[in-house]
Amino acid sequence: MKSEIILPGTELKTALPGLNKITGRKTSLPVLSHIKIIRQKNGQVTLQGTDLDAFASYHLEGSQPGEPVELLVPMEQLNQAFKANTSKQDLTLVCDGAVTKLRYRLGGNPVEQPVNTLPVDEWPPAPKFTGESTPLPPGFGEALKQALACCSDSRPGLQGACL
């Protein structure tokens, strides 16, 4: 069954820099140079990256109808397609059974490139948060911003805020 996941260019512009900080280019585990793209039953699409120590997730706005899908996409290939897509239009992942293709525009012309995916079961499980959440008082965010604005770049003891 053919399924498509649309990755909006405006949201990729926001998501890719953060995922690039976590996803390794040269790593001993090939799966760590990939990102996991998930479309859930409700249509919510999530991009995940990890280096085994840290996990990052970006949830795309809106929902995309279709069957639930999970796949791994090489971060390098996604970056190259996004950079080549000069108009920063949407990228589309076309999943047709075991074959996945990345569709984008190059110089105004449509391009469809095969994606070298890995099995999804190689992806490490993301940690689950099971503890109680602690509500923060109103104005906490602004107070934290002000505290972090006073941090030093040179002295390690002054590079953060204690909560």
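Keep in mind that what you see is a predicted model, and the values were worked out from it rather than measured.
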Going only through I, L, V, M, F, W and Y residues with side-chain contacts under 4.5 Å, is there a path from Tyr58 to Val73? yes
Pairwise distance NZ(Lys83) to CG(Leu78) - rounded to 0.5 angstrom: 11.0 Å
Does a side-chain heavy-atom distance below 4.5 Å link Ser57 with Leu47? no
Mind listing the closest non-hydrogen atom pair of Ala56 and Ile22 along with its distance? CB-CD1, 3.2 Å
Without placing hydrogens or testing angles, list every side-chain donor-acceptor pair under 3.5 Å for residues 110-133, not counting sequence neighbours.
from, atom 1, to, atom 2, distance (Å)
Glu112, OE2, Arg103, NE, 3.0
Glu112, OE2, Arg103, NH2, 3.3
Gln113, OE1, Gln77, NE2, 3.3
Trp123, NE1, Gln48, OE1, 3.3

Yes or no on side-chain contact (heavy atoms from CB on, under 4.5 Å) for Leu16 and Phe82, after CA distance, side-chain angles and deciding distance? CA-CA 9 Å; Leu16 288 179; Phe82 181 71; 3.8 Å; yes
Distance-only donor-acceptor pairs under 3.5 Å for side chains of residues 32-46, two or more places apart:
from, atom 1, to, atom 2, distance (Å)
Ser33, OG, Pro30, O, 2.7
His34, ND1, Pro30, O, 3.0
Arg39, NE, Glu67, O, 3.0
Arg39, NH1, Glu4, O, 2.7
Arg39, NH2, Ser3, OG, 2.3
Arg39, NH2, Glu67, O, 3.1
Asn42, OD1, Gln44, N, 3.0
Gln44, NE2, Leu60, O, 3.0
Thr46, OG1, His59, ND1, 2.9

Checking side-chain contact (heavy atoms from CB on, under 4.5 Å) for the pair Thr92/Leu7: CA distance, chi angles, key distance, verdict? CA-CA 6 Å; Thr92 305; Leu7 305 173; over 6 Å; no
Separation of Gln89 CD from Leu12 CG (nearest 0.5 Å): 12.5 Å
Main-chain N/O of Ile6 paired with Asp90 side-chain donor or acceptor, under 3.5 Å: no
As a quick check of understanding, evaluate side-chain contact (heavy atoms from CB on, under 4.5 Å) for Val69 and Leu93, giving each step before the final call. CA-CA 11 Å; Val69 177; Leu93 285 164; over 6 Å; no
Sorted by chain and residue number, the side chain to side chain donor-acceptor pair (under 3.5 Å) partners of Asn79 (sequence neighbours excluded) come out as Asn20
I need the full list of salt bridge (Lys or Arg N to Asp or Glu O under 4.0 Å) pairs touching residues 45-62, with sequence neighbours left out, sorted by first then second residue. none
Audit row: Thr23, Thr50, side-chain contact (heavy atoms from CB on, under 4.5 Å) steps and yes/no: CA-CA 6 Å; Thr23 306; Thr50 186; over 6 Å; no
